[in-house]
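So that the names make sense, note that chain A is the first sequence line, chain B the second, and so on, each numbered from 1. Note that the structure is predicted; figures quoted are calculated from it, not measured.
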Amino acid sequence: MSANPDNEISSLSELLTHAYAIEEDAIDRYHMLGDQMEVHNNHELAKLFRDLAGHEEKHAAEIKARAETIGLMNLKSSEYKWPDTEGPELAALDEAHYRMTPWHALQMALKAETRAFEFFDHIVNTVTDPEIKKWAEEFREEEAEHVTLVERLLEKNPEPPAGWADDDDPPNLQE
Amino acid sequence: MNVSAPLKASDFKSDLKPVWCPGCGDYHVLLSLTKALADLERKPEEVAVISGIGCSSRIPAYLKCYGFHGVHGRSLPLGTGLKVARPDMTVIVAGGDGDGFSIGGNHFLHACRRNIDLTYIVMDNRVYGMTKGQPSPTTEPDWDSALSPGGTGLNPFHPLVIALASGANFVARAFSGDIRGTTKLISDAVNHPGFSFIQILSPCVTFRPEQKEWKSAIHAPPVEATDDPARAARRIMTDDGFNVGVLYRGDRRPYKIGDGVEHKTVADLEQEFQI
Amino acid sequence: MNVSAPLKASDFKSDLKPVWCPGCGDYHVLLSLTKALADLERKPEEVAVISGIGCSSRIPAYLKCYGFHGVHGRSLPLGTGLKVARPDMTVIVAGGDGDGFSIGGNHFLHACRRNIDLTYIVMDNRVYGMTKGQPSPTTEPDWDSALSPGGTGLNPFHPLVIALASGANFVARAFSGDIRGTTKLISDAVNHPGFSFIQILSPCVTFRPEQKEWKSAIHAPPVEATDDPARAARRIMTDDGFNVGVLYRGDRRPYKIGDGVEHKTVADLEQEFQI
Amino acid sequence: MSDQIKIDTGISIALTGSGGAGVMTAGGMLLEAAAKSGFYGLQTRSVGPQIRGGEAAALLRLSNHAVEIHRGGFDILFALDWSNFSRFAAEITLDENSVVIFDPEGGEVPEIVSAATKNIIELPIKKFASEIPGGRMNMIALGIVAGAIDLPKETVLGLIVRKFASKGEAVLEASRACLEAGYKHAGSVANAPKLVSDAENADVPRWLITGNEAAALGAVRGGIKFAAAYPITPATEILEWLAPSLTAIGGNLVQAEDELSSINMIIGASYGGIPSITATSGPGLALMTESIGLATAAEVPVVIVDVMRGGPSTGIPTKSEQSDLNIAIYGLHGDAPHLVTAPLSVADCLFTTQWSVHLAEAMQVPAIILSDQYLGQAKMIIDKPADVAFFADRSKVEKIDTAYTRYALTADGVSPMAIPGTAGGQYTADGLEHSVTGTPSSAAEDHHDQLAKRRRKIEGFNYGTHWAEIEGEGDLVIVTWGSTAAPVREAAELARAEGISVKTIAVRLLAPLRVEALEAELAGARRVLVIEQNDLAQFYRYLRGHVDLPADTRAYHHPGPMMLSTTEILSEIMKEHRL
Amino acid sequence: MSDQIKIDTGISIALTGSGGAGVMTAGGMLLEAAAKSGFYGLQTRSVGPQIRGGEAAALLRLSNHAVEIHRGGFDILFALDWSNFSRFAAEITLDENSVVIFDPEGGEVPEIVSAATKNIIELPIKKFASEIPGGRMNMIALGIVAGAIDLPKETVLGLIVRKFASKGEAVLEASRACLEAGYKHAGSVANAPKLVSDAENADVPRWLITGNEAAALGAVRGGIKFAAAYPITPATEILEWLAPSLTAIGGNLVQAEDELSSINMIIGASYGGIPSITATSGPGLALMTESIGLATAAEVPVVIVDVMRGGPSTGIPTKSEQSDLNIAIYGLHGDAPHLVTAPLSVADCLFTTQWSVHLAEAMQVPAIILSDQYLGQAKMIIDKPADVAFFADRSKVEKIDTAYTRYALTADGVSPMAIPGTAGGQYTADGLEHSVTGTPSSAAEDHHDQLAKRRRKIEGFNYGTHWAEIEGEGDLVIVTWGSTAAPVREAAELARAEGISVKTIAVRLLAPLRVEALEAELAGARRVLVIEQNDLAQFYRYLRGHVDLPADTRAYHHPGPMMLSTTEILSEIMKEHRL
Ligand SMILES: Cc1ncc(C[n+]2csc(CCOP(=O)(O)OP(=O)(O)O)c2C)c(N)n1
Ligand SMILES: Cc1ncc(C[n+]2csc(CCOP(=O)(O)OP(=O)(O)O)c2C)c(N)n1
Ligand code: SF4
Ligand code: SF4
Ligand SMILES: [Mg+2]
Ligand SMILES: [Mg+2]
């Protein structure tokens, strides 16, 4: 795929822009999933995704505050230096299901947080600028905390038995 | 909305929540489209998204642009009329493989031939999703369904080659899950003059759950985009159907829209009837 | 009619006198078709010739076969229905470039894709003859007419490549004036399994008198027919449009028509509703 | 049928739920269990716009005699959850006798429900289900309702085994356990009405069928051997039933690229002598009209089933409406007389389709059948339909000695057809106006002759008594058509039980309208009510255009998505009666 | 208009010939010469099925006052040859006063001609022509006829110069010599009627125009800036006139691949705010109905001109018929109210089209205009049409502050439209039933509201007096529409001249029918005659369905290819009068 891992983050502003975008995209993504669950009447999951979005909103606000003096860049989506096809901290849309359980949602979140961790980890390990490195380390630690948090939540939400997706009813004909 | 602040992808999303099945590839397409529009720095009111009928064709209402959800198979003529009458608008036509290649096949041929400056996106899931899973022109011959028990036995056809043979000026294949790639292809397509066609492989998780595997089959085209349609056609006819990217980028003459200038008045036109 | 005597071409001609303009290429096509049917040793009642609307589409009534002069653009579905329901008949679908490539374009795509064993002949004069001279999808971009003053500016498209990309099993180009060649192509096409498509360049002397020059432009294809559709497509896209002969002869799987055997009775089918 | 007991209104049950709760499956099993226990009934569904996981309502009516439509009110509402209940609220009318069962985990009881009835029973279904490994709420609900209305447990159990056996022992066991749990808790719904079986009906062989299936079966009974298909809601099931069935009986179904193609495919096949059909809905019918005109002019019999949905344009695809009458009758350009019929009930989808195949073939003319989403998709328990002797029986020439004139001017207008393959019968079918031989002609005489012949064919035909179903006597006459016949006939029966005499005329043959017969049936009518489900009173206008109606003729009509109910029609009858 | 002189019937002339004899050209020059000399008149043609070189008849009527249609008989028949004369015999009625001129080299005088009149003059036209280098029979015939009816030679000569100057001196000279020769021999036809000019009319500015040209001009006068085209007889001329004209005024015409495309192109363009049109005939209209329904539901104004021809199916493409009324009014699926209008004369093609553009735009609804082959292709001398103030003037939102509701429920049903490009007005137009915002909805309330709004829009509109042209008074009322208005009005005038009072109502607005206004106009009518040109009395049925007609209402109608003539309608009036 069109991965582009070789591009290096080259300024503090760019780093912050990426960090902020990660959170913003994650907010959108969780709301998108929340919408899906609402439309499909999976209210438990809708609430869970809204909560996850709430978390990310807090982070986004923090980053924004921190970026006050440095300033954020206006990047086009193609100018972001994501290692993968989109931002790292994004729940995979294609893993959603209308009968999904909290376990599935948390798995999605876990993968997303882990990818975010790896993103900053990669910067920490490759970037030369000490300032950028320092900030990246901070972001990395935060993501590490998130990962632990999600892991803890997962303990309370075990994997559902097989057949969780079974729907006795056939799909509906529409237009 | 602050005019000076650049618009974000989310500024292109409407408040309406999609009825699509969670997991459906079309969510990705929606996302890529909004990102591309943000990248293109269009204003929502300068963009019109036109569709037919099908799950995928529900996309206009999920955007904050002008939209037209027409009848089954007729999105391209709608888009053509709009673009010729209003060349100032950015026109994107979108829909499904059934809508575009089955009932809409003729308009597809002729929209390519006319080469009007618009972008046509087909969310190809090789099935009629909306009507509960019938084979489409891109469906594999052995795919079993109620309407074609045991499969149609028909080879899927090659929409990209048909686009080339008919005269499209930009031909690309994308995979919905590849959001960055798709976003880039859409904005390239919109920027390219003339008719641009993107076939986006977009899984239907409900009727074709096996399409979740597409993710691992996808690869970038082995060679660069060509501007030789004959070469492009041959390549596409022999590829495995899973290479994504721009496959043809041409400079065929685009449709000549009138200059919009009133060279004559209606009274001038009436002269010819005078005795 | 003596059953034992072999039929001659003239035995396939009806008593109705064509309304075509003297000099029209379609007279030649009629002649070649009767010759081919005689060569094929078909009986007139075993052959059905199906058409749409246009000068060329008048052809069924000039033959002594079964005929159907349908509505504009729908000859291929008529022929498809007939062939699937009555596989014992030899079905030949015939018409013009407007009928087949413009309004009938979608059926053309899908008839190729279905690959049913019938033969489709398009008498291509690059104009709508019947309605007094409007450009068709194969018309040159600079051809001036009342509906497109100064020309359409559109590149003509490639019906033969479209046939290939859609799945036709036999693709050929002919020139009406070449009666021997056309006769042979028609009988080869009828004999070839699956969907056979012949584009016959057939001049319209009334609205395109310059097409009389085609006679000297025609040449045989520089190379032999191929069975590789990708190669054939590339060749056709780069040729000059005047090489006649078989351009592709494939062995793509033909449409599977039911075996016509009553495996179940209607009463058997009713079982499922019983409580 | 004047027996008071027979017109009891049965038990109406609504099961609602969402997100894959499986209410349709539970409802279907309830219906089947009732069928197996000797009852009649029907099930319809109402769903949200989502393909999967949307909100759904399974609406049932069970009775000890045949019922054709919902009564207009519900005795039991079982809400697995209340998600988007508002979508169905208008369809699920409750009154003070209604019993409501719900799971408190599924949200608050909506205002509209609690305002209607006090019989609201809270049961922790989800909890019950969670106590059973692999347990599912819908199976528990099934048990509760089946138990509450007195359906025998063994029958339901038998169905569960049949349905889930293939899914493995665990699933089967879970379902069984859920059912048991349900029956155990059925006692909590003690005040629910009970199904009391009627010994008379017990042995009548019965079918469980939808109108779409019935239409498809009617087609093959009538002799259809070829179909062309382009899927569209709510007609697709006809095509999907025909696909394997036609192959099994030696015929064919071809999936077309669009409706322009499907109509022409069946014209081509029928020209080849093979009786042919297609099914569609309004948007598809609109695409076919040019070619239906071709079939009219070239005299090729074809049958088109239009399973109507809410219009205009894409409209409301999943809801029923009778608004395609105009296009069916008048939608062809030029003077193009053809047949239009409408089934009057789910079971009648079979008869009307079979009869229409027969008529189309006998007169070499296209027939449009106006079914609708209700008839097509309602699942119904019906008496096994009688075999009727209406088959495709086209007038053909077998041996041709002299010159063949395809469009010869015969007394009845029907000219024997030469089927391709017949030596000496070669002709060219043509949509251009033609002489008797089929040669294009613009002569006034040929045009007039051929127009008159095509008109004569269908106007002079002997349609017997099948043009309508007529019941009762009285100076109040209700004229109706299609699916609206069901509530009209039921309402009239109820009115008669109240001593009000009403005559009902449910018209099956819409075009050509049997004007004389209808006027004869209307002779002596003091008041006429024309009842139908559309906005523009299309049938009423059509009748006015052709039939001399009494001055006191009134149209009662409204568009979908709501069906006309027995209750509302009864109240219209009362209004007229009081006048 | 009761002046006896004004209702003289003028001179009717038929020129026939074949194989490229050039009768149409000669006829056209005769018409133009008459025009230039201060007369009125019209020319139609009748041709064989060949593309070129077939038999042809140029049919003219010249008069000193405006005439709209052939009278039904011919004063002069000039036969360059008799090839396939039988094709025209029914159209060229002759009586004992008719003068027939023919060339003996062109065959025997047909029985039907010699039986009708004794005034048969033999002239060796071919020989005359052969004596002039490059001489052509048609120019000689032109001279003879022009001379015989007293058209000034200089005028005809002027036309010849204009027409042939570009073809070189030799051709011009030959034509001039032929004309002279013709004038020289005109004396042989001394008993021909003469054209006597009417001083009153001499200075009125006049146009020479066909109905198709008039419709196209009406469209651009009304504000049309976009057209999509798929050629079809007899509508092509509208599209061909629009092609260069729209470009010239800053608009566009796109040739579509089929009619499905052309209708959707104009919907797309109109959605973009640009008034748009297409023109077609019956087969094309049939293909458009699905999408016209979309325009209805999505409330996008478009104008479709249906130039009717003989139906059904491909029918008789070159002949006129009024048999598309049903499909125009009722051809959309679902309840889909829209506008249907019909021009009442060639000149009225301009007004009716312009008015229809205005109406469609004002109400955001599709309008179908029912012209026909006669109106469309007849070439006519008319008074220069007045400028009328009906323009495309759509209700639009300019600036949006709060949330925009595209389908808001307004009092008159018209909701201001946001044109793409307007910031804040973004909405999605939809053919699915929708709420006020355009969001798909299957709720009963939304469906009923939107159906009612779309009905209200067109039913409540103030159409002024343009819904019909009404003339005369009397207890015999003729109701008619479209091109049949011409012979009806002329016949009524002739009847009045005989002292018979007749009222004529020529309906221009067919849908929505102005029921109240029509009933008011019919109040006091003792007998009503409904006159139209089709087989099924479509308008009569439609009127019956909506209007309370007197018991003594009768339909007089027949299909094409023959037009209803003044003479035959006059005789129907006489019949009614005698009753
Ligand atoms: C004229 C007409 N015919 C048929 C239909 C029914 N119909 C609606 S969507 C659809 C197919 C959609 O398939 P596709 O375009 O692949 O969209 P998807 O749902 O797969 O995204 C069909 C056949 C219709 N709405 N209109
Ligand atoms: C639905 C419909 N649209 C348009 C027409 C008018 N029409 C008749 S023939 C024709 C074009 C014929 O062109 P082509 O098929 O190339 O035949 P040719 O006359 O050149 O042989 C058209 C547009 C029609 N008969 N029906
Ligand atoms: S049915 Fe398939 S295409 Fe439609 S929304 Fe669901 S997953 Fe997507
Ligand atoms: S117009 Fe052209 S295509 Fe038609 S018959 Fe004449 S020469 Fe042939
Ligand atoms: Mg699809
Ligand atoms: Mg042609």
Side-chain angles (χ1 to χ4, degrees), chain B residues 1 14 16 19 43-50 53 58 60-86 88-89 91 106-107 109-111 113-114 116 255 257-266 268-270 272-275, chain E residues 32 35-36 205-209 213-214 217 220-221 225-226 228 245-254 256-258 260-274 276 290-291 293-294 298 381 384 418-432 438-440:
Chain B
M1 192 182 294
S14 79
L16 201 64
V19 295
K43 291 195 194 129
E45 67 267 22
E46 295 169 350
V47 179
V49 181
I50 314 288
I53 298 289
R58 288 281 195 137
Y62 306 144
L63 290 158
K64 235 191 205 117
C65 306
Y66 278 90
F68 203 137
H69 186 214
V71 296
H72 191 36
R74 315 291 166 214
S75 55
L76 280 168
L78 278 178
T80 298
L82 176 59
K83 183 69 189 183
V84 174
R86 290 289 309 279
D88 55 315
M89 295 290 296
V91 177
N106 203 30
H107 310 307
L109 286 185
H110 294 283
R113 186 167 71 85
R114 249 175 236 114
I116 287 172
Y255 188 83
I257 297 179
D259 59 10
V261 176
E262 194 175 316
H263 303 275
K264 286 187 184 176
T265 65
V266 175
D268 294 337
L269 296 177
E270 294 178 359
E272 68 170 286
F273 303 118
Q274 234 130 64
I275 287 164
Chain E
E32 210 172 334
K36 289 214 179 288
R206 265 161 318 165
W207 284 8
L208 193 59
I209 197 167
E213 291 164 338
L217 179 58
V220 298
R221 274 200 182 179
K225 280 285 169 72
F226 181 84
S245 303
L246 283 174
T247 315
I249 61 171
N252 283 283
L253 176 140
V254 181
E257 55 275 26
D258 58 22
L260 303 158
S261 182
S262 55
I263 181 71
N264 278 284
M265 284 183 184
I266 65 171
I267 295 171
S270 177
Y271 164 79
I274 308 300
S276 300
E290 191 207 3
S291 298
L294 171 66
I381 304 164
K384 177 176 196 269
I419 304 301
T422 312
Q426 296 96 298
Y427 73 99
T428 294
D430 208 322
L432 275 169
T439 303

**Fill in**
So CZ of B:R74 and OG1 of B:T80: to nearest 0.5 Å the spacing works out to 13.0 Å
**Item:** Side chain, backbone, both or neither of B:L269 within contact of chain E (heavy atoms, under 4.5 Å)
**Value:** both
**Request:** Would you mind telling me which of E:S291, E:P440, E:G425 has the largest number of heavy-atom pairs within less than 4.5 Å of chain B?
**Result:** E:G425
**Message:** Test of understanding: with side chain to side chain contact (heavy atoms under 4.5 Å, CB included), list the residues that count as partners of E:K225, not counting sequence neighbours.
**Reply:** E:I249, E:I274
**Item:** Per-residue contact mode, E:F226 against chain B (heavy atom under 4.5 angstrom)
**Value:** side chain
**Fill in**
Rounded to the nearest 0.5 Å, the OH atom of B:Y66 sits from the CG atom of B:L82 at a distance of 11.5 Å
**Request:** Could you check which of E:V254, E:V220, E:L253 has the highest count of heavy-atom pairs closer than 4.5 Å to chain B?
**Result:** E:V254
**Message:** Heavy-atom cut-off 4.5 Å, strictly under: side chain, backbone, both or neither for E:A418 against chain B?
**Reply:** both
**Check: B:E272 main-chain N/O paired with B:Q274 side-chain donor or acceptor under 3.5 Å** = no
**Asked** chain B: which of E:T439, E:D430, E:T247 shares the most heavy-atom pairs with it under 4.5 Å?
**Response** E:D430
**Message:** Taking every non-hydrogen pair under 4.5 Å, which of B:K83, B:R113, B:R58, B:H72 racks up the most with chain E?
**Reply:** B:R58
**Atom group of E:K36 that falls short of 4.5 Å from chain B, counting heavy atoms** = both
**Request:** Let me know if E:I419 has heavy atoms under 4.5 Å from chain B in its side chain, its backbone, both or neither.
**Result:** both
**Asked** If you count heavy-atom pairs under 4.5 Å between each of E:G268, E:G273, E:A228, E:G293 and chain B, which one has the most?
**Response** E:G268
**Request:** Check each atom of E:A298 against the heavy atoms of chain B and say whether the ones under 4.5 Å are side chain, backbone, both or neither.
**Result:** side chain
**Item:** Under the side chain to side chain contact (heavy atoms under 4.5 Å, CB included) test, residues paired with B:E46 that sit two or more places apart
**Value:** B:R42, B:K43
**Message:** Which atoms of B:R86 are under 4.5 Å from chain E, going by heavy atoms: the side chain, the backbone, both sets, or neither?
**Reply:** side chain
**Complete:** Turns out that what part of B:V261 lies under 4.5 Å from chain E's heavy atoms comes down to backbone
**Request:** State the CE-CD distance between B:M89 and B:E45, to the nearest 0.5 angstrom.
**Result:** 8.5 Å
**Asked** Mind checking whether E:L294 and E:N264 have side chains closer than 4.5 Å, heavy atoms only?
**Response** yes
**Asked** Can you tell me how far the CG atom of B:L63 sits from the CD atom of E:Q426, to the nearest 0.5 Å?
**Response** 10.5 Å
**Asked** Rounded to the nearest 0.5 Å, how far does CH2 of E:W207 lie from CG of E:L217?
**Response** 5.0 Å
